[in-house]
Structure formats: structure tokens, C-alpha cells
There are 2 protein chains.
Amino acid sequence: MTLRHAVLAALLSGEYSGYQLAKAFDVGVANFWYARPQQLYLELSKLENDGLISGREVVQQTRPNKRLFMVTDAGLAELAHFAAAGSKPSFIRDDLLVKVQAVDHVDAAPVIAQLDQRALAAAAKVEILDKLLRRFRGDLDEETYLRDGSPIGPYLTCLRGRRFEQEHHDWCVRAAALLRDRATRNGDPAPTSDQSR
Amino acid sequence: MTLRHAVLAALLSGEYSGYQLAKAFDVGVANFWYARPQQLYLELSKLENDGLISGREVVQQTRPNKRLFMVTDAGLAELAHFAAAGSKPSFIRDDLLVKVQAVDHVDAAPVIAQLDQRALAAAAKVEILDKLLRRFRGDLDEETYLRDGSPIGPYLTCLRGRRFEQEHHDWCVRAAALLRDRATRNGDPAPTSDQSR
DNA sequence: GCCCCCTAGTCAGAATGATGACTAATCATA
DNA sequence: TATGATTAGTCATCATTCTGACTAGGGGGC
């Protein structure tokens, strides 16, 4: 049960509505978790029911009213408890890796196409995260921010996300180039589907 | 539905029993997916029911009998279909990142301890993957293997896994050092690697 | 002789996450 | 003056994953 804690942790940086939170989960927060808006709304309801967050209605004229949530003391305690408990090892879980794993036995062309796409997406994500990191830092250089800046948690997770996306990008580019090279050297626009069985 | 395809892709490299597959999912295959043995047994049953793999009983005297599975032509077709279909973007989903995100608001000590642990685990994983990569390569150097070696799919996913673990390790080490430094400068009782509670 | 670990596998059910289909008002654009 | 995008949110249900408990025999160490 960790979407719960991811939402709690995300709410630490300020009051958010479900909608705003959904936006955040598409950029910054997505470094450590991701969820669709519907899941977030649901989780927010549950959290409020359990008294871990409290919401207040904000009436708006030009837009639909919204509910802003903030973490309660009980919520903080829950987070502290979660932070102190053991955590399971992390691992990649990626469709595309599964496809690459099978690339010796299936048509490589669509896999290469997806690697290209992913590389682009990852590059875009890197830029977004760079922007976020700069916004955190303000005038400070990174070394100084890491030593004294605040908040440090979100900055660190962003940094991790940035590295991850960078690595992902580099790997995609390299793998695509490599598979393309192999395909052309094998002299086929449509690679054979049966090589080593 | 991708544990299904992860299992199929893993079975491409040879015949495995459920038990052996479970082992593989703890090391090499874990680069792109992870699952508990129970899930694997279940998935293998389903796959066999759907005719995507076929199993044969192997009688053993000293040990319980086992069933070895291999991918059928229908299974290969399914994989090809899967490889050609679109895939969702990948992202990290990690308990520990959630905890770091919250580290400005909760006690840092247990988080630091977990970062230390994770760093060790990641370093161990890197060594395992290095060994695996060397076994793939045999006498060839990496450049040559990437150009002409076989299989290339598993090698590439291993490479990705290795990079991921390396990055994870480096980040954990850095984050732990940083948080420790901040804690001591704030005059807290310095939590060194010697934590016991 | 006892106990724990390893091989090998099964089952049921709880927890968690994902998806599609809705409502409803405002704003910018063509 | 339509058309579509944006803000804001709800509901029901499906899919997938995770967990604990269980069976069963053999081998190795104390």
C-alpha cells in the first residue's frame, strides 16, 4: 500500500487539490510514483476518511469549486511510521525491456521503433526535470543547495529521476542503433523471425 | 498483462521448470521483471492452458519430479504480437524514494539506514550482473559482442539492469552521505552505519 | 536422532492498481 | 457560433499482483 504514502509525501510540499495533484504526478512526483487522476481522487477520499489529510472547500467563480488537502498530524505520524519500516527492493518493470529480451526471436523493427520513441520521451522528461531542479535551486549552485538548500527530499528524488531518464535515454539510443545495424548487416528490411532455436 | 510476456521471454533462452524460473527471476530476468515463485507457477499453468508453452515431466530419483517448459510456436506468435503493440512509459516505483521525498518532515535516521542497506544490495547486484555479462560474452570484448554476439536481447537487458543498479547505488551513497552531513551539522546524534534498533 | 534448508509445487483470497464512462461549467479559437 | 480544450471531480468494475499457508521427500550438519 504505497500510493497512499506517495500521495501523503506529495502533499507535504503544500496544499493541493486532486486535480493539481494529478498534474504533479505527471511531472515531478512521477519520479517515484505514478497514478491516474481517478486513483488519486480515490486515494484522497480514503486518506481524508482515515483522518490523515484534511480538505477545505475553495469556492471559485470562474471555475468549478475545488477541495484543497493538507497533511494532518496523524498523516505525518503515519508517514514517519512508514519511513521507519523496512522497504522492498526496487526493480525496473518495463514492457519495452521484455520486448528487447525477446528481440532475438521476434521481428526487431517494431521494437526499434519503440526504442526511438522512448528515447525521445526520456529526453523530454530530462528537460522537464532539469527545469524543476533549477527552480528548486534558484540562485544557488548545486553543491550549495545540496548542503544547505531546502527542501532536500524532493530535490534528491528529482535528481534520481533525472539520472534514471538520462540512463534510459542513452540505453534506448544505443540499443536502437545496435539493432538497426545488425538488421541492415543481415541484409533485410524485414528481419528473420527465427534465428537461434 | 505482462508477467505473462516476461515469462514467455524468459523461457526463450531454454527449458525451465517453475522452480528454476523463480531462481532466474531473482537474478538475470529481474532486470526487467520480478515475481514471486507462486505467481510464476500460476502463470506457467495459464500459459500451458493457452497453448503458448508446453511442459514435459522429468522424473527424478533423488528429488521431486519437475516439469520443464518451452515456448511453442503459438507462444512465439503471441510474443511477436506483444512486441509489435504499443507499450506504456516506464517509471520508477520505489518505496525508498517516497521516504526520501518526505525526509524534510520525518526523522531522517531510519531513511539513512535504508539508503545504506540499499547501496550494499545494489552493489551486490552489480557484481552479479557483471558476472552474467561476462558469461554471455565469453572471450569476446563488449564491442564485438554487441556487434555480432548472440543472444543480443538478454545482453541488452542485462546491460540496462547493470546501469540501473549502478545509478541506484551511487544515488543511495550520495544521498545517505548528504543527509548524514546535514544531520550532524544540525547537531543531531550522528547516525553512522552502526545503527541498531 | 533432530532440525533446518533445499527442491518442487499448489491454492485461495486479500490488496492494489488500472480503465472506461460519466457530469458540468468556463475559456479560447476558428 | 460551434468546437474543443481546461478545470474539477465521481463511480463502478476489471485486471493484476501479492501474501500466507500448505504438502512432501531428501540431504547435511550438530
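Numbers restart at 1 for each chain; the letters A, B, ... are given by sequence-line order, proteins then strands.
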Check: Ala85(A) main-chain N/O paired with Lys99(B) side-chain donor or acceptor under 3.5 Å
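Side chain of Lys99(B) to backbone of Ala85(A): a pair is present.
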Can you tell me if Thr144(A) uses its side chain to pair, donor with acceptor, with the backbone of Leu140(A) under 3.5 Å?
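Such a contact is absent between Thr144(A) side chain and Leu140(A) backbone.
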Does anything in residues 62-72 of chain A reach DNA chain D, meaning a heavy atom under 4.0 Å, and if so which residues?
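Residues of residues 62-72 of chain A under 4.0 Å from DNA chain D: Arg63(A), Pro64(A), Asn65(A), Lys66(A), Arg67(A).
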Go nucleotide by nucleotide along DNA chain C from the 5' end; which of Gln61(A) and Thr2(A) gets its closest nucleotide reached first?
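Comparing both residues, the 5'-ward one is Thr2(A).
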Could you identify which residues cluster with Val126(A), counting Ile, Leu, Val, Met, Phe, Trp and Tyr as linked when any side-chain heavy atoms lie under 4.5 Å apart, either directly or through a chain of such contacts?
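Besides Val126(A), the hydrophobic cluster comprises nothing; the residue is isolated.
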For a quick check of understanding: with a heavy-atom distance under 4.0 Å over all strands, which category does Arg93(B) fall into, base, sugar-phosphate or nothing?
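Counting heavy atoms under 4.0 Å across all strands, the contact made by Arg93(B) is with sugar-phosphate only.
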Does Gln38(B) reach a base, just sugar-phosphate, or nothing at all? Heavy atoms under 4.0 Å.
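The answer is base, as Gln38(B) lies within the cut-off (heavy atoms under 4.0 Å) of a base atom.
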Apply side chain to side chain donor-acceptor pair (under 3.5 Å) to Ser13(A) and list each qualifying residue two or more places apart in sequence or on a separate chain.
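For Ser13(A), no residue satisfies side chain to side chain donor-acceptor pair (under 3.5 Å) once neighbours in sequence are set aside.
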Which residues pass the side chain to side chain donor-acceptor pair (under 3.5 Å) test with Arg63(A), not counting sequence neighbours?
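By the side chain to side chain donor-acceptor pair (under 3.5 Å) rule, Arg63(A) matches no residue at all.
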For Arg36(B), what residues pass the salt bridge (charged side-chain N to carboxylate O under 4.0 Å, His left out) criterion, not counting sequence neighbours?
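Here no residue qualifies.
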By a strict heavy-atom criterion of less than 4.0 Å, which residues belonging to residues 39-54 of chain B are in contact with DNA chain C?
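Of all residues in residues 39-54 of chain B, the ones placing a heavy atom under 4.0 Å from DNA chain C are Tyr41(B).
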Taking only residues two or more places apart in sequence or in another chain, which ones pass side chain to side chain contact (heavy atoms under 4.5 Å, CB included) with Arg135(A)?
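Counting only residues at least two positions away or on another chain, Arg135(A) forms no side chain to side chain contact (heavy atoms under 4.5 Å, CB included).
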Taking only residues two or more places apart in sequence or in another chain, which ones pass ring-ring contact (aromatic ring centres under 6.0 Å, His included) with Tyr41(B)?
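Residues passing ring-ring contact (aromatic ring centres under 6.0 Å, His included) with Tyr41(B): none at all.
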List in chain and number order the residues that pass ring-ring contact (aromatic ring centres under 6.0 Å, His included) with Phe82(B), two or more places apart in sequence or in another chain; answer none if no residue qualifies.
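With sequence neighbours excluded, Phe82(B) shows a ring-ring contact (aromatic ring centres under 6.0 Å, His included) to His5(B), given in chain and number order.
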Does Arg162(B) count as lying over the ring of Tyr155(B), i.e. NZ or CZ under 6.0 Å from the six-ring centre, within 45 degrees of the axis?
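No, a cation-pi geometry is absent between Arg162(B) and Tyr155(B).
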Donor + acceptor pair across side chains of Arg118(B), Gln114(B) (<3.5 Å)
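Absent: no donor and acceptor within the cut-off.
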At what angle, to 10 degrees, do the two end axes of the helix from dG1(C)-dC30(D) to dA30(C)-dT1(D) meet, given five pairs define each axis?
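Result, rounded to 10 degrees: 40°.
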Which nucleotide span of DNA chain D, 5' end to 3' end, has atoms closer than 4.0 Å to non-hydrogen atoms of chain A?
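Using the under 4.0 Å cut-off, the span is dT6(D) to dT19(D).
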Go through DNA chain C in 5' to 3' direction and return only the first and the last nucleotide with some atom under 4.0 Å of chain A's heavy atoms.
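That gives a stretch of dT16(C) to dC27(C).
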